Amino acid sequence: MAPFTLAHLSDPHLPPLPRPRLIELAGKRALGYVNWTRNRHKYQRREVLDVVVADIRAQAPDHIAVTGDFVNLALEAEFAPALAWLEGVGPPDCVTAIPGNHDAYVSATSHRFGETFLHYIAGDAPAEAAFPAVRRRGPAALISLSTAVPTLPLMATGTLGRDQLAALEQVLAQLASEDVFRVLLVHHPLRSNSRHKRLTDSADLLTLIRRHGVELILHGHDHVHSTMWFDGPNGNVPAIGVPSASALAHGRYPAAAYNLFAIEKDNAGWRCEQTVRSLDHGLQVREIKHTRLI
């Protein structure tokens with residue numbers, strides 16, 4: 001039997017940015033708009049994102065996970081185009097989405113992601129809260145979290161909160177007794193040296209992972225290739241980050257890339273191989289790395 005293949009991309013920051021109304025450019029959005037018009041529009045490119053998505057579709061993965069930051073300033077006019085783009089990536093049963101900090105950029109529209117992408121975030125079973133959500137696809141159980149909360153200007157932190165962590169513990173405790181490959185989807189990395197970009201309650205999340213375990217953690221946010229390892233009850237757990245899916249290489253940030261994970265049973269355990277596919281200087285996507293994680 002062929003391995004189950006999971007594609008992971010993140011931080012599309014869907015360009016171009018719609019023209020905001022003057023009333024929308026207050027507080028944090030004003031700073032974000034200046035940053036976009038002076039800098040980010042130069043390297044967050046729609047043509048890059050389209051090339052990456054076309055390559056993902058050519059690889060024909062069994063499922064696709066997108067770990068947040070679909071929009072930029074969370075303007076009302078950004079959400080409908082972002083949904084149209086995601087529908088072009090694939091239908092809700094084949095694509096799982098979670099929000100990033102830019103999707104909840106300000107309080108006024110922090111609810112819009114959940115409304116717009118409802119069918120892409122909903123778990124298999126009805127629940128009182130959207131997160132954590134569990135989707136079972138092939139041998140995998142995708143566990144979606146939300147770290148997206150509005151923050152002050154110049155801050156890009158994320159927070160899970162007490163209720164989500166408590167619900168997550170119940171989910172992880174149940175899944176620990178099942179023969180499934182557990183994939184945790186979260187926007188913010190679980191370890192960060194940046195106080196203004198960190199996950200504020202990462203220590204609590206790491207405690208749950210040490211206690212109950214998962215097989216794989218996927219995140220975005222930092223816009224770089226990243227592999228970190230965290231303690232689980234039966235060994236180390238890999239946490240994989242990926243660059244922005246719409247980015248040209250700039251400064252210390254690499255060009256757009258995505259990961260493919262081939263997952264299959266290996267005797268009593270699991271086998272998971274990672275393939276990294278990245279944009280080159282000719283705006284073509286090619287394989288740059290292949291490794292066995294588990």
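Everything numeric in this text was worked out from a predicted model, so none of it was measured. Excluded from the calculations below are hydrogen atoms, water molecules and symmetry mates; all remaining heavy atoms, backbone and side chain alike, are included.
Transitive grouping of hydrophobic side chains (ILVMFWY, heavy atoms separated by less than 4.5 Å) brings Val53 and Val51 into a common cluster.
Using a 4.5 Å cut-off on side-chain heavy atoms (C-beta onward), Val242 and Leu218 make no contact. The shortest distance between side-chain heavy atoms of His196 and Thr151 does not fall below 4.5 Å. Side-chain contact between Glu115 and Phe79 is absent, with no heavy atoms from C-beta onward closer than 4.5 Å.
Looking at Asn101, its side chain never comes within 3.5 Å of a backbone N or O of Gly158 through a donor-acceptor pair. When atom types are taken as modelled, the side chain of Asp124 and the backbone of Arg136 share a donor-acceptor pair closer than 3.5 angstrom. Here the side chain of Ser226 pairs no donor or acceptor atom with the backbone of Asp222 at under 3.5 angstrom. Glu78 places a side-chain N or O within donor-acceptor distance of the main-chain N or O of Ala74, the cut-off being under 3.5 Å. Judged purely by atom type and a 3.5 angstrom limit, Arg292 uses its side chain to pair as donor or acceptor with the backbone of Ile294. The backbone N or O of Leu283 sits less than 3.5 Å from a side-chain atom of Asp280, completing a donor-acceptor pair. Remark: the backbone N or O of Val89 is paired with a side-chain donor or acceptor of Arg57 at under 3.5 angstrom. Side-chain atoms of Asp103 come within 3.5 Å of backbone atoms of Val71 as a donor-acceptor pair (strictly under, hydrogens ignored). For the pair Arg137 (side chain) and Asp93 (backbone), a donor-acceptor distance under 3.5 Å is present. Distance alone, capped at 3.5 Å, places no donor-acceptor pair between the Arg135 side chain and the Ala140 backbone.
Remark: aromatic rings of Phe113 and Phe70 are close, center separation under 6.0 Å. For an aromatic pair to be called close, the ring centres must be under 6.0 Å apart, and His13 with His223 satisfies this.
Other members of the cluster containing Leu154 are Leu31, with ILVMFWY side chains joined at under 4.5 Å, either directly or via other members. Other members of the hydrophobic cluster containing Met228, listed by chain and number, are Val134, Ile143, Leu145, Leu160, Leu165, Leu168, Val171, Leu172, Leu175, Val180, Leu184, Val186, Leu190, Leu199, Leu205, Leu206, Leu208, Ile209, Val214, Ile217, Phe230, Val237; membership follows side-chain contacts under 4.5 Å among ILVMFWY residues, whether direct or relayed.
Between Thr67 and the options Ser144, Ser10, Pro99, a side chain to side chain contact (heavy atoms under 4.5 Å, CB included) holds for only Ser10.
For Ser192, the side-chain contact (heavy atoms from CB on, under 4.5 Å) partners at least two apart in sequence or on another chain are Ser194, Arg198. Looking at residues two or more places apart in sequence or on another chain, you find a side-chain contact (heavy atoms from CB on, under 4.5 Å) between Pro254 and Val224, His225, Pro243. Scored by the side-chain contact (heavy atoms from CB on, under 4.5 Å) test, Asp62 finds Phe4, Thr5 as partners (sequence neighbours excluded).
The minimum heavy-atom distance between Pro12 and Gln44, with the atom names listed, is O-NE2, 4.3 Å. Of all non-hydrogen atoms in His111 and Ala108, the two that sit nearest each other are CE1-O, 3.2 Å. Counting all heavy atoms, side chain and backbone alike, Ile240 lies closest to His8 at O-CE1, 4.0 Å.
Side-chain N/O atoms of His290 and Gln274 include no donor and acceptor closer than 3.5 Å. Under the 3.5 Å distance criterion, with hydrogens and angles disregarded, no donor-acceptor pair is assigned to the side chains of Thr157 and Thr200. A donor and an acceptor atom, one from each side chain of Asp69 and His221, are nowhere located under 3.5 Å apart. The closest side-chain donor-acceptor pair between Arg29 and Thr109 falls under 3.5 angstrom. For Asn72 and Tyr33, the side-chain atoms include no donor-acceptor pair closer than 3.5 Å. The closest side-chain donor-acceptor pair between Glu273 and Thr291, if any, does not fall under 3.5 angstrom. With hydrogens and angles left out, the side-chain atoms of Ser278 and Lys289 include no donor and acceptor closer than 3.5 Å.
Ring geometry for Tyr120 versus Phe117: interplanar angle over 60°, hence perpendicular rather than tilted (30 to 60°). Using cut-offs of 30° and 60° for the angle between ring planes, the His41 and Trp36 rings count as tilted.
Sequence neighbours left out, not one pair with a member in residues 233-246 passes salt bridge (charged side-chain N to carboxylate O under 4.0 Å, His left out).
Salt-bridge check for Arg21 with Glu76: failed, with every basic side-chain N at 4.0 Å or more from each acidic carboxylate O.
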